[in-house]
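Letters A, B, ... mirror the listed sequences (proteins, then strands); counts begin at 1.
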There are 4 protein chains.
Amino acid sequence: MTLHAPESRARPGRPRSERAHRAVLEAAADLLLEGGLGAATIEAIAARAGVSKVTIYKWWPTRGAVAVEAYFYRYHQTMDFQDTGDLASDLRAQIAGVLKAFRGRAGAVMAALIGEAQSDPDLAETLRASWIEPRRVASATVVQRAIDRGEVRADVDVQLLLDQIYGPIYFRLLLGHQPLDDSLALSLVRTALDGVRA
Amino acid sequence: MTLHAPESRARPGRPRSERAHRAVLEAAADLLLEGGLGAATIEAIAARAGVSKVTIYKWWPTRGAVAVEAYFYRYHQTMDFQDTGDLASDLRAQIAGVLKAFRGRAGAVMAALIGEAQSDPDLAETLRASWIEPRRVASATVVQRAIDRGEVRADVDVQLLLDQIYGPIYFRLLLGHQPLDDSLALSLVRTALDGVRA
Amino acid sequence: MTLHAPESRARPGRPRSERAHRAVLEAAADLLLEGGLGAATIEAIAARAGVSKVTIYKWWPTRGAVAVEAYFYRYHQTMDFQDTGDLASDLRAQIAGVLKAFRGRAGAVMAALIGEAQSDPDLAETLRASWIEPRRVASATVVQRAIDRGEVRADVDVQLLLDQIYGPIYFRLLLGHQPLDDSLALSLVRTALDGVRA
Amino acid sequence: MTLHAPESRARPGRPRSERAHRAVLEAAADLLLEGGLGAATIEAIAARAGVSKVTIYKWWPTRGAVAVEAYFYRYHQTMDFQDTGDLASDLRAQIAGVLKAFRGRAGAVMAALIGEAQSDPDLAETLRASWIEPRRVASATVVQRAIDRGEVRADVDVQLLLDQIYGPIYFRLLLGHQPLDDSLALSLVRTALDGVRA
DNA sequence: AAGTAATCGAGACGGTACGTCCGGTCTTCCT
DNA sequence: AGGAAGACCGGACGTACCGTCTCGATTACTT
């Protein structure tokens with residue numbers, strides 16, 4: 001018989017205050033929502049959360065790290081990827097959800113986070129691990145099933161296919177040169193699956 | 001009353017110092033190269049250029065603006081889009097050039113600029129107008145010719161097609177979840193033209 | 001003919017703001033008076049003076065330095081040493097002035113400054129040069145005259161004599177084990193001049 | 001039921017750890033010696049002693065208090081005041097001891113303690129009670145004996161006389177405007193007893 | 001030739017946020 | 001009931017850039 005949960009062995013010392021932890025995330029999420037990442041300074045978060053700066057630095061390395069966690073804490077997206085057996089419609093459903101989210105405040109915050117990540121390697125890694133990867137794994141599974149069913153060519157580079165579907169969305173989100181219409185869901189999938197050849 | 005050509009009307013006062021202008025761009029480009037956008041602060045640029053901060057503010061609104069101009073000044077890319085009559089090979093050639101550039105320092109700087117643009121609307125607009133648009137127009141022309149030749153379906157959304165080709169590249173540049181291999185040129189074009197359907 | 005004032009040659013750049021300089025000293029003096037040296041933090045001085053912290057750090061190395069200058073700015077003591085030809089009465093007059101000052105707020109501040117100087121060598125040096133030395137020189141002159149007149153033995157160590165007169169005052173100021181009565185003026189001089197031998 | 005001697009009545013709970021107490025004093029003394037009072041922060045003492053901050057606060061009110069006790073713990077001066085019947089030589093012997101101590105590390109620490117006492121009334125009181133007073137009482141006794149012997153005038157203010165001997169030493173220790181030579185022992189006593197009158 | 005106007009360098013200024021240090025207080029578990 | 005561990009709030013520290021603001025000096029065009 002194995003002794004379970006050696007990691008939950010109560011360590012000595014005062015335990016981390018869950019109240020403070022939550023207050024920081026709430027405050028950060030509020031600030032992100034109100035004024036974007038620029039408003040979410042460590043000082044502002046600390047002040048609004050009624051928490052000292054040191055407490056924030058204790059648990060998060062940068063303001064970017066607080067922001068991502070706050071983002072997920074607040075917008076903990078229901079990442080419900082369906083797998084109905086029809087690749088095109090499954091992908092369209094997923095894309096539609098992303099588009100909807102990105103047209104709102106969540107999109108602006110995500111854009112700001114990716115922007116910040118360009119000068120904050122930790123944040124970049126966190127974004128990849130916490131946001132991008134989970135979604136890619138789910139999507140990749142759906143695509144793989146389609147390959148297994150013989151719906152998609154077996155020699156397809158799944159990662160690249162996903163980039164050709166989601167890349168354009170992030171590209172437009174970040175550059176803003178074209179809108180994030182709902183119609184994208186249809187067109188993106190169509191091109192990706194059938195190409196544009198006459 | 002003397003008439004002058006209105007555009008060459010020499011204004012009174014000391015003319016803008018070309019020496020200072022160039023020095024600023026050189027300094028900014030050096031700093032971008034050495035330490036990324038983070039190192040290219042107005043103060044650092046001014047110090048290295050031997051120019052006063054006010055002179056910089058006189059001619060550029062933000063450090064982002066200086067950075068883009070410095071970027072183009074230094075990396076004034078030869079944007080040679082060929083149009084040989086074969087869409088796939090033309091696109092592959094263009095993509096290969098972008099990939100090569102983005103794998104080097106220029107890619108890191110461009111990523112930083114796009115990142116900064118998320119919190120600097122002026123920079124975002126400058127990037128769209130000076131970088132994205134020219135390339136899109138050139139690419140769009142190539143695609144349009146293919147449509148005219150009947151090589152590509154007439155109902156294709158050209159903008160979206162371009163996003164499905166370039167979007168993945170910027171996506172990987174900014175998120176770094178996948179590499180920017182040369183093989184991308186081939187695969188991206190292939191999927192975009194012929195899809196992945198079995 | 002000599003070219004005068006090469007030191008007042010107008011240097012390039014915005015000249016130092018006298019308004020800010022004065023505001024800092026006034027604010028620091030107020031704070032010293034109200035709450036002692038402990039209240040005269042750089043932040044508090046900056047806030048009250050309506051001046052940025054950087055401006056203070058630009059002109060003074062430590063808060064101690066600001067404090068001494070503020071002390072002199074506010075309490076610029078009329079250091080009127082008389083020299084009437086009677087050493088005892090001249091010394092008594094000087095001592096009486098010091099005692100009077102030290103029993104009030106100025107004494108508390110001076111004690112705090114000397115205290116702070118124990119961990120701030122710059123402040124210690126400033127105190128010696130700006131406060132102690134001028135007073136010693138004036139006192140030493142008075143004593144030297146008395147020596148010249150034959151009123152005092154020629155082999156006397158003047159510095160030590162002054163320490164035996166002023167040392168006890170600072171000792172009591174700093175340790176507080178005995179009061180700073182006016183009667184000290186009489187007794188200190190009497191012992192120093194005539195000793196206590198029966 | 002067990003009976004205990006009432007004065008040794010073992011109180012319930014874990015008894016005070018003598019180990020911790022000593023560790024604190026040793027650590028504090030080390031830090032005082034190495035980096036002066038500035039280095040002897042509560043946190044540093046706790047860390048070096050392997051003791052929690054609370055334990056320190058439990059037994060000492062301020063860091064000044066710890067420092068004085070550590071000072072005495074380490075430099076527990078042999079305060080051997082002799083009383084040979086010759087006031088001058090007795091005083092000289094005492095002064096020589098003080099001078100020797102004050103020229104070394106102990107003097108620097110004492111200066112720092114007196115400095116700190118300017119903003120810490122508790123420390124000031126502790127210093128007076130634990131350091132100044134015992135020495136004054138001993139010295140005063142020696143002087144009183146001399147008065148009784150008729151060696152010194154009966155109307156002399158003993159406290160003031162002691163200040164005129166020890167004040168200059170502390171004055172020089174704290175201000176550093178003059179050295180603490182061994183020759184002081186001789187000169188100080190001579191002036192105090194016989195004055196400087198020609 | 002004198003005046004006017006724009007620019008330039010230098011650099012001081014108020015301001016915001018940074019990340020760190022230390023002080024005291026607290027909470028939890030261990031002995 | 002200690003005591004070690006350590007988290008917490010608060011306050012100040014000294015620094016980095018920001019964008020603005022004088023200054024005196026320079027360099028053209030205008031009269």
Side-chain angles (χ1 to χ4, degrees), chain A residues 9-21 38 41-47 49-59 61-63, chain B residues 2 9-17 19-21 23 38 41-47 49-59 61-63, chain C residues 9-21 23 38 41-47 49-59 61-63, chain D residues 10-17 19-21 38 41-47 49-59 61-63:
Chain A
R9 233 330 257 317
R11 291 180 311 148
R14 179 175 177 176
R16 174 173 182 177
S17 158
E18 270 313 310
R19 191 211 128 272
H21 188 231
T41 64
I42 296 278
E43 302 229 321
I45 296 171
V51 148
S52 84
K53 283 199 293 178
V54 176
T55 299
I56 299 183
Y57 283 114
K58 187 108 222 279
W59 302 110
T62 63
R63 76 170 182 174
Chain B
T2 56
R9 183 60 193 299
R11 290 182 311 152
R14 179 176 179 174
R16 172 174 182 177
S17 158
R19 190 210 130 272
H21 189 231
T41 65
I42 295 278
E43 303 228 321
I45 296 171
V51 146
S52 83
K53 284 199 294 177
V54 176
T55 301
I56 298 183
Y57 282 116
K58 189 103 221 278
W59 303 109
T62 64
R63 78 168 179 174
Chain C
R9 236 323 265 313
R11 289 180 313 147
R14 178 175 176 175
R16 174 175 182 176
S17 158
E18 269 314 310
R19 189 210 131 272
H21 188 230
T41 65
I42 298 278
E43 301 232 319
I45 296 172
V51 147
S52 84
K53 283 198 292 178
V54 176
T55 299
I56 298 182
Y57 283 116
K58 186 111 223 280
W59 301 110
T62 63
R63 75 170 183 175
Chain D
R11 288 182 309 152
R14 182 173 175 177
R16 172 172 180 177
S17 157
R19 191 211 129 272
H21 190 233
T41 64
I42 296 276
E43 304 227 322
I45 297 171
V51 146
S52 83
K53 285 199 292 178
V54 176
T55 301
I56 299 183
Y57 284 117
K58 188 109 220 278
W59 302 109
T62 64
R63 77 168 182 178

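- With sequence neighbours excluded, the residues forming a side-chain hydrogen bond (donor to acceptor under 3.5 Å, both in side chains) with D:Ser52 are D:Thr55, listed by chain and number.
- Judged by closest nucleotide on DNA chain E, B:Ala20 is the one of B:Ala20 and A:Pro15 placed further toward the 5' end.
- Among the protein residues, D:Val51 comes within range of the sugar-phosphate backbone only, with heavy atoms under 4.0 Å from sugar or phosphate atoms but none that close to a base.
- As a whole-Å value, the separation of B:Ile45 CD1 from F:dC17 P is 12 Å.
- Interface remark: the A:Arg14 side chain does form a donor-acceptor pair with the E:dC26 base, using a distance-only criterion of under 3.5 Å.
- The CZ atom of B:Arg19 sits 15 Å away from the P atom of F:dT26 (whole-angstrom rounding).
- C:Glu18 has its CD atom 14 Å from the C1' atom of E:dC13, to the nearest Å.
- When every heavy atom of C:Ala20 is checked against every heavy atom of C:Val51, the shortest pair comes out as CB-CG2, 3.9 Å.
- Minimum interatomic distance between A:Arg19 and A:Ala49 (heavy atoms only, all atoms of both residues): NH2-O, 3.8 Å.
- OP1 and OP2 of F:dT27 both lie 4.0 Å or more from every side-chain N or O belonging to B:Ser17.
- Computed from coordinates, the D:Lys58 NZ to E:dT25 P distance equals 14 Å when rounded to whole Å.
- Contact annotation: D:Thr55 side-chain N/O to F:dA4 OP1/OP2 distance is under 4.0 Å.
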Restricting both atoms to N or O, compile the protein contacts to nucleotides 12-14 of chain F shorter than 3.5 Å, with distance only.
{"from": "F:dC13", "atom 1": "OP1", "to": "C:Ile42", "atom 2": "N", "distance (Å)": "3.1"}
{"from": "F:dC13", "atom 1": "OP2", "to": "C:Ile42", "atom 2": "N", "distance (Å)": "3.2"}
{"from": "F:dC13", "atom 1": "OP2", "to": "C:Glu43", "atom 2": "N", "distance (Å)": "3.0"}
{"from": "F:dG14", "atom 1": "OP2", "to": "C:Tyr57", "atom 2": "OH", "distance (Å)": "2.5"}
{"from": "F:dG14", "atom 1": "O5'", "to": "C:Tyr57", "atom 2": "OH", "distance (Å)": "3.4"}
{"from": "F:dG14", "atom 1": "N7", "to": "C:Lys53", "atom 2": "NZ", "distance (Å)": "3.0"}
{"from": "F:dG14", "atom 1": "O6", "to": "C:Lys53", "atom 2": "NZ", "distance (Å)": "2.7"}

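- Comparing atom distances between the A:Ser52 side chain and each of F:dA4, F:dG10, F:dA5 picks out F:dG10 as nearest.
- Between C:Arg16 atom CZ and F:dC21 atom C1' there is a gap of 17 Å when expressed in whole angstrom units.
- Phosphate contact (OP1/OP2 of E:dC13, side-chain N/O of C:Trp59, threshold under 4.0 Å): present.
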